[in-house]
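Below you'll find the structure, written out as structure tokens, and then a few comments.
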Amino acid sequence: MALAIYNTLSRQTEPFTPLVADHVSMYVCGPTVYSDAHIGHAMSAVVFDVVRRYLEWSGYTVRHVMNFTDVDDKIIRRANEQGRDPMELAESYTLAFLDQLGQLNVLPATAYPRVSTTIPQIIQFIEGLIAKDAAYHASNGDVYFRVRGDEDYGKLSRRAVDDMRSGARIAPDEAKADPLDFALWKAAKPGEPAWESPWGQGRPGWHIECSAMSLHELAEQIDIHGGGNDLIFPHHENEIAQTESLTGKNFAQIWMHNGMLQLAGEKMSKSLGNLITIDQFLSEHSADIMRLMVLSGSYRAPLVYNDEVLADTERKLERIMSAFKPAHGTTTSGAVVDTLTTIVAKAPADFRSAMDSDFNSAAALAVLFDLVRSINAARDAGVGGEPFDAAQARLRELAAVLGLRLEATSASKTDAAPFIELLIELRAELRKAKQWALSDLVRNRLSELDVQLEDGPSGTTWTTKG
RNA sequence: GGCGACAUAGCCAAGUGGUAAGGCAGUGGUCUGCAAAACCGCGAUCCAUGGGUUCGAAUCCCAUUGUCGCCUCCA
């Protein structure tokens, strides 16, 4: 069975065949960098990171491009409010986001183009559209795309041009030949970042950057174009219109869109202000928690985010981590070992079968949980040595395809470690003397301090919470 | 108002024609001095509601209700 991906363009799950054998070109829309990124952005980044990791694990060479919109109305407005330079402000949020992506264990993209570094390609792109009469230089100095000139406009978002009447929503503009037309190039206003162009000083509109970057960094035709489903219209619709008008070819084979993260039943977004920033999240939870939440459901469906889900996910991660506790037995053969070995051997195929089905990460996680149970059961049955190590290695390998780090909480790194060890030592003496009340007191008081003790067959272990 | 997506156990959630994965919570048991963790067992006769197609539907079609997204910047 081969990889199949849901394509927003066809609204169907289609077999995936890259344009160039063994190579995948993937363009994912990144953020407009005017404020702190929130966990909705993290979700999107994680979704496409898993796509990329799985493609690479499957043997493809992936060229992955993610852009930063660093020239934009909101950036300029924000900079003016704060008395900062717009480009400096954009740069600071760009660097912050790149750092957060690293913390989230998102693999670095092959390229991170920005509007400000793509101006010549954008201008060239617009000139090409004007030459084909798909765009025009208006009297106010702006350049607009001729929407009605594009016969299949609306095919991605399934909208008919005539349904998009220039009602209150679309501000009629005297300079536009048609109210539906959108700006490719905006004439400069005083105090704004501006670049020289055939149409005078100005800056690019929002949608043109992705068309130009995709063409420049990848090709006229690419395999996968991704982003949040809030970008379907108008952003991706306009990208298709621009690129296909210029090249005369189909742009992206597959359009992938992730669902929105829901906070209290609403989409988390900058404009609504109901957000939790990535920094806030990571100050309280590990990157694996973020990833597990995303992986637990379909990437295309809305992701419910609340305290209960968060708590469930914390427990879920603890459960996976339980498989990495060391063996205490040494059995390396027999029925229990055979059972373990069989499950370990078939896990990759089951995992692949799940992921091949439009990146069904929830089903893939179920395969991991099967492994977890088998490993724990084997440990309880006294299995150790090579078969046990191989099982743990398999679990870690498949988890890594999903980008899970599964690092032991660095409990031993805390400054209190020597003192905790001392208390455990004393408590061991108390237990030897059957001083249960005192030994329980130690355990309970440590628990109140978020230090959990567990008495096992080979002594007492401890972990810290959070 | 227009377009689109979705509606599965207490919660999260997979499953798109053949008789309901997984996780969390709960509960009975094993283990433990007691716990914790782990392991073994238990949970939807049913998949928003009402019709229809089919030998057979959570899965396809129609209607209804509800939720969310887009139509303006948005991952």
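Chain identifiers are assigned alphabetically (A, B, ...) following the order of the sequence lines, protein sequences preceding nucleic acid strands; residue numbering begins at 1 within each chain.
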With a cut-off of under 6.0 Å to the ring centre and 45° to the axis, is A:R379 in cation-pi contact with A:F388? no
Handout entry: A:R300 to A:Y6 six-membered ring, cation-pi geometry met (6.0 Å, 45°)
Key = yes
Given 3.5 Å as the limit, does a donor-acceptor pair link the side chain of [X] with the main chain of [Y], or not?
X      : Y      : result
A:T331 : A:G382 : yes
A:N140 : A:A175 : no
A:N444 : A:D440 : yes
A:S92  : A:L89  : yes

Measure from [atom1] on [X] to [atom2] on [N] and round the result to the nearest Å.
X      : N     : atom1 : atom2 : answer
A:H235 : B:C71 : NE2   : C1'   : 16 Å
A:D230 : B:G69 : CG    : C1'   : 8 Å
A:I375 : B:A38 : CD1   : P     : 13 Å
A:K432 : B:U32 : NZ    : P     : 19 Å
A:R427 : B:A35 : CZ    : P     : 14 Å
A:H236 : B:C73 : NE2   : P     : 14 Å
A:N238 : B:C71 : CG    : P     : 12 Å
A:R431 : B:A36 : CZ    : P     : 14 Å

State the pairing partner of [N]; accept Watson-Crick or G-U wobble contacts with both distances under 3.5 Å, and report none otherwise.
N     : result
B:C24 : B:G10
B:A38 : B:U30
B:G56 : none
B:G4  : B:C68

Base, sugar-phosphate, or nothing for [X], non-hydrogen atoms under 4.0 angstrom?
X      : result
A:M293 : nothing
A:G154 : nothing
A:L453 : base
A:A362 : base
A:S157 : sugar-phosphate
A:I232 : nothing
A:S447 : nothing
A:Q262 : sugar-phosphate
A:T13  : nothing

Next on the checklist: It should be established whether A:N376 places a side-chain nitrogen or oxygen under 4.0 Å from OP1 or OP2 of nucleotide B:A37.
Outcome noted: no
Phosphate contact (B:C70 OP1 or OP2) by A:K267 side-chain N/O below 4.0 Å: yes
Atom pairs under 3.5 Å, N or O on each side, protein against nucleotides 23-29 of chain B: can you list them with distances?
| unit_1 | atom_1 | unit_2 | atom_2 | d |
| --- | --- | --- | --- | --- |
| B:G23 | OP1 | A:R373 | NH2 | 2.6 |
| B:C24 | O2' | A:D312 | OD1 | 2.5 |
| B:A25 | OP1 | A:R315 | NE | 2.8 |
| B:A25 | OP1 | A:R315 | NH2 | 3.4 |

Between the base of [N] and the side chain of [X], is one N or O donor paired with an acceptor at under 3.5 angstrom?
X      : N     : answer
A:R11  : B:G4  : no
A:D440 : B:G33 : yes
A:R158 : B:C70 : no
A:D455 : B:C34 : yes

Please state the [atom1] separation for the pair [N] and [M] - nearest whole angstrom.
N     : M     : atom1 : value
B:A14 : B:U72 : C1'   : 36 Å
B:A35 : B:G28 : P     : 12 Å
B:U45 : B:G50 : P     : 15 Å
B:G17 : B:A5  : C1'   : 22 Å
B:C62 : B:C3  : P     : 14 Å
B:C68 : B:C40 : P     : 40 Å
B:U19 : B:A44 : C1'   : 14 Å
B:G43 : B:A21 : P     : 11 Å

Identify which nucleotide among [options] has an atom closest to any side-chain atom of [X], counting heavy atoms from C-beta outward.
X      : options             : result
A:A366 : B:A75, B:A14, B:A21 : B:A21
A:M260 : B:A13, B:A75, B:A37 : B:A75
A:W436 : B:G69, B:G33, B:C12 : B:G33
A:R443 : B:A35, B:C12, B:A14 : B:A35

(request) Classify the ring geometry between A:H41 and A:F97 as parallel (under 30°), tilted (30 to 60°) or perpendicular (over 60°). (result) perpendicular
- prompt: Do the ring planes of A:W255 and A:H257 sit parallel (below 30°), tilted (30 to 60°) or perpendicular (above 60°)?
  reply: parallel
Worksheet item: Is any side-chain N of the basic residue among A:R78 and A:E81 closer than 4.0 Å to the acidic one's carboxylate O?
Response: no
Nearest-nucleotide check on RNA chain B, A:L261 vs A:R379; residue mapping nearer the 5' end is A:R379
Walking RNA chain B from its 5' end, the first of A:P234 and A:S296 to be reached, judged by nearest nucleotide, is A:S296
Any chance the side chains of [X] and [Y] put a donor and an acceptor closer than 3.5 Å?
X      : Y      : answer
A:T32  : A:K74  : no
A:S211 : A:E239 : no
A:T13  : A:N7   : no

Q: Starting from the C-alpha separation in whole Å, work towards a yes-or-no answer on salt bridge (Lys or Arg N to Asp or Glu O under 4.0 Å) for A:D181 and A:R148.
A: CA-CA 8 Å; A:D181 294 349; A:R148 284 182 191 274; over 6 Å; no
Within residues 39-47 of chain A, the residues having a heavy atom closer than 4.0 Å to RNA chain B are A:G40, A:H41, A:S44
Here the gap from A:D49 atom CG to A:S44 atom OG, rounded to the nearest 0.5 Å, amounts to 11.0 Å
